[in-house]
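This report refers to the structure that appears directly beneath it.
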Amino acid sequence: MVKTADIVIVGGGISGVSIGYFLLKYGAKNVVIIERDFLASGATGRCGAGIRQQWGSPLNCIMSKFSCEFFETAVDELGFDGDIEFHQGGYMMLVTTEKELAQTKKNVALQNSLGIGTKLITPSEAKALAGPLNTEGLLAATFHDRDGHLNPFTTTRAFADAFVRLGGKVYTNTSITGIRTSNGKITGVDTNRGSIATNTVVNAAGGYVQNIADMVGIELPLYSKRHNILVTEPVERVLGPMLMSFSLNFYCQQTPHGSFLMGRTCPDQPRDLRITADSRFPVAMAKTIVKVLPQLKNLRMLRQWAGLYNMSPDNHPIYDQVPGLEGFYLSAGYSGHGFMMSPATGQSMAELILGLPATLPWGQLGFSRFTEGNTIHEPSVV
């Protein structure tokens, strides 16, 4: 292990490796990523891996558009000798209430104004695009053909390989045991494999960001909670777009391998680090999905799992230097959307740390928004 580093990134999920890649791309040197397990072992490897540009806040639309366009050329950009499996079958948002329809029309107008080609479509048009769809009770839908989903493991590997190729170092199975400070500044990190002197630490530890912040006595305005997903046996492909509904509280995609992967928000999830399976989830999920896709009624569930959403007060991430401790940066609070926004995260954090002009409006995502009343509303989340 190296003894010194200019920048130490804590967390080897998609956000950590993206930050590392962009830092080196824009001229940083001697950057290290520390991961306590294997790359993508946390929330990244447990996510639904959807990529959408259909949002209700201008900030999320801009960030997601940048990220989607990056993923479209990521194999070449990152020089990856593999496939990140970016399947752009589109996202279809199902609208079932008048209130949701009014918000959806506002969302589509916003997205179109920002260069996102979302279309508001009728139930019959939705049925033509998603054959198994039951349109009973459906008022309308939206569709954007450049949305889709990725393989989270190969995408993380693509970033990590590019990071290493540019000179970065990755230490897996390595735990942070302490962070050293002096006179309000970062001076180093301690690990189970030795110590690294550094004046810059990026806390990108996903659901475990507070554990890292505890090492320097800082309380973050974030919390982690469990989110459940299940996957079915693979069958012949019948569904192109990924389906999602805010009023019905679900998302569902058919993977390139034929399995259906789906999730929903469940009430009363613990606000801690448990990732044990919730036995109530598959029952509630099945009741929801068979109404939307009756053809799935007799499919067998292969397994379910859970991961952590790290939540912020306004469901938008924090990209900032932590107040009161020079050199301690936070990239967290993605609120369930960290994977799809990871290129924007890497770009933004690299610009912030290196003092570069902002390509994206990451200045809105600092700590000060919570004390100055500048929180950001996003109406379109599951």
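All values below were derived from every heavy atom in this structure, side-chain atoms included, with hydrogens, water molecules and symmetry-related copies excluded.
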For a quick test of your reading: what N or O donor-acceptor pairs under 3.5 Å do the side chains of residues 321-329 make, sequence neighbours left out?
| from | atom 1 | to | atom 2 | distance (Å) |
| --- | --- | --- | --- | --- |
| Gln321 | OE1 | Gly327 | N | 2.8 |

Would you be so kind as to tabulate the donor-acceptor pairs closer than 3.5 Å made by side chains of residues 279-293, with sequence neighbours excluded?
| from | atom 1 | to | atom 2 | distance (Å) |
| --- | --- | --- | --- | --- |
| Arg280 | NE | Asp278 | OD1 | 3.1 |
| Arg280 | NE | Asp278 | OD2 | 3.4 |
| Arg280 | NH2 | Asp278 | OD2 | 2.9 |
| Thr288 | OG1 | Ala284 | O | 3.1 |

Below 3.5 Å, can you tabulate the donor-acceptor pairs from side chains in residues 349-358 to any protein atom, sequence neighbours excluded?
| from | atom 1 | to | atom 2 | distance (Å) |
| --- | --- | --- | --- | --- |
| Glu351 | OE1 | Thr359 | N | 2.9 |
| Glu351 | OE1 | Trp362 | NE1 | 2.8 |
| Glu351 | OE2 | Gln347 | NE2 | 2.7 |
| Glu351 | OE2 | Thr359 | N | 3.3 |
| Glu351 | OE2 | Thr359 | OG1 | 2.4 |

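With hydrogens and angles ignored, the 3.5 Å screen pairs a side-chain donor or acceptor of Asn310 with a backbone N or O of Gly333. Distance alone, capped at 3.5 Å, places no donor-acceptor pair between the Thr96 side chain and the Gly137 backbone. Side chain of Arg237 to main chain of Leu239: a donor-acceptor pair is present (N/O by atom type, distance under 3.5 Å, no hydrogens or angles). Counting only distance, with no hydrogens or angles, the side chain of Ser67 and the backbone of Met63 share a donor-acceptor pair below 3.5 Å. Under the 3.5 Å distance criterion, the side-chain polar atoms of Asp190 are left unmatched by any main-chain donor or acceptor of Thr177. A donor-acceptor distance shorter than 3.5 angstrom exists from the side chain of Ser64 to the backbone of Cys61, with no hydrogens or angles considered. Of the possible donor and acceptor atoms, none in the side chain of Thr135 sits under 3.5 Å from a partner among the backbone N and O of Leu138. Looking only at distances, no side-chain donor or acceptor of Gln88 sits under 3.5 Å from a matching main-chain atom of Gly90. With hydrogens and angles disregarded, a donor-acceptor distance shorter than 3.5 Å links the side chain of Glu100 to the backbone of Ser247.
In this structure the side chain of Cys47 never reaches within 4.5 angstrom of the side chain of His227, judged on heavy atoms. Within the 4.5 Å cutoff, the side chain of Pro313 has no heavy atoms near those of the Thr375 side chain. Residues Glu378 and Leu59 are not in side-chain contact: their nearest non-hydrogen atoms beyond the backbone lie 4.5 Å or more apart. With a 4.5 Å cut-off on side-chain heavy atoms, Tyr208 and Val10 do not count as touching. Two residues are said to be in side-chain contact when any heavy atoms from C-beta on lie closer than 4.5 Å; Leu330 and Leu220 meet this criterion. Counting heavy atoms from C-beta on, the side chains of Asn112 and Thr118 come closer than 4.5 Å. Between Met93 and His144 there is no side-chain heavy-atom pair separated by less than 4.5 Å. For the pair Glu98 and Leu139, the minimum side-chain heavy-atom distance is below 4.5 Å.
In this structure, the ring of Phe250 has its center no less than 6.0 angstrom from the ring center of Phe260.
The cluster map of Ile, Leu, Val, Met, Phe, Trp and Tyr, joined by side-chain heavy atoms under 4.5 Å apart, puts Met92 and Val108 in different clusters. Linking Ile, Leu, Val, Met, Phe, Trp and Tyr residues whenever their side-chain heavy atoms come within less than 4.5 Å places Met341 and Leu78 in a single cluster. The same ILVMFWY cluster, assembled from side-chain heavy atoms under 4.5 Å apart, contains both Ile229 and Phe339. By the criterion of side-chain heavy atoms lying less than 4.5 angstrom apart, applied directly or through intervening Ile, Leu, Val, Met, Phe, Trp or Tyr residues, Val17 is grouped together with Val164 in one hydrophobic cluster. Hydrophobic clustering (side-chain heavy atoms under 4.5 Å, transitive across Ile, Leu, Val, Met, Phe, Trp, Tyr) keeps Leu94 apart from Tyr251.
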Could you please spell out the steps behind the side chain to side chain contact (heavy atoms under 4.5 Å, CB included) verdict for Asn192 and Thr174?
-> CA-CA 6 Å; Asn192 61 331; Thr174 304; 3.5 Å; yes
Does the side chain to side chain contact (heavy atoms under 4.5 Å, CB included) test come out yes or no for Met262 and Leu230, once each step is laid out?
-> CA-CA 6 Å; Met262 62 194 77; Leu230 68 79; 3.7 Å; yes
Step by step, work out the side chain to side chain contact (heavy atoms under 4.5 Å, CB included) result for Glu69 and Arg146.
-> CA-CA 9 Å; Glu69 290 171 352; Arg146 290 176 68 182; 3.6 Å; yes
Applying side chain to side chain contact (heavy atoms under 4.5 Å, CB included), run through Tyr171 and Thr191 and close with a yes or a no.
-> CA-CA 10 Å; Tyr171 296 104; Thr191 79; over 6 Å; no
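Looking at every heavy atom in both residues, Leu110 comes nearest to Pro58 through CD2-N, 3.8 Å. Leu120 and Ala140 get closest at one heavy-atom pair: CD1-CB, 4.2 Å. Here the closest non-hydrogen pair linking Pro343 and Met340 is CD-O, 4.2 Å. Closest approach of Arg180 to Ile196, counting heavy atoms only: NH2-O, 3.5 Å. Across every non-hydrogen atom of Thr172 and Arg193, the tightest pair is O-NH1, 3.5 Å. Here the closest non-hydrogen pair linking Pro152 and Thr44 is CB-O, 3.4 Å.
Using the six-membered ring where Trp is involved, Phe71 and Phe159 have ring planes that are perpendicular, over 60° apart on the 30 and 60° scheme.
Between atom NZ of residue Lys29 and atom CG of residue Leu24 there is a gap of 8.0 Å, rounded to the nearest 0.5 Å. To the nearest 0.5 Å, the span separating OH on Tyr223 from CG on Leu273 amounts to 13.5 Å. Residue Asp320 holds its CG atom at 7.0 Å from OG of Ser368, rounded to the nearest 0.5 Å. If you take OG1 on Thr155 and CG on Leu150, they are separated by 4.5 Å, rounding to the nearest 0.5 Å.
Side-chain atoms of Gln111 and Asn107 form no donor-acceptor pair, as typed in the model, at a separation below 3.5 Å. Counting only N and O atoms by type, the side chains of Gln54 and Ser380 include no donor and acceptor under 3.5 Å apart. Judged purely by distance below 3.5 Å, without hydrogens or angles, the side chains of Thr200 and Thr198 never pair a donor atom with an acceptor atom. Side-chain atoms of Tyr334 and Ser15 include a donor-acceptor pair closer than 3.5 Å.
Checked against Trp305 for a side-chain contact (heavy atoms from CB on, under 4.5 Å), the options Ile275, Val231, Thr276 give a single hit: Val231.
The neighbour count for Lys127 NZ, taken as heavy atoms of other residues, nucleotides or ligands under 6.0 Å away, is above 12. Arg264 CZ: more than 12 foreign heavy atoms inside a 6.0 Å radius.
Classification of Glu125 and Lys119 as a salt-bridged pair fails, no side-chain N sitting under 4.0 Å from a carboxylate O.
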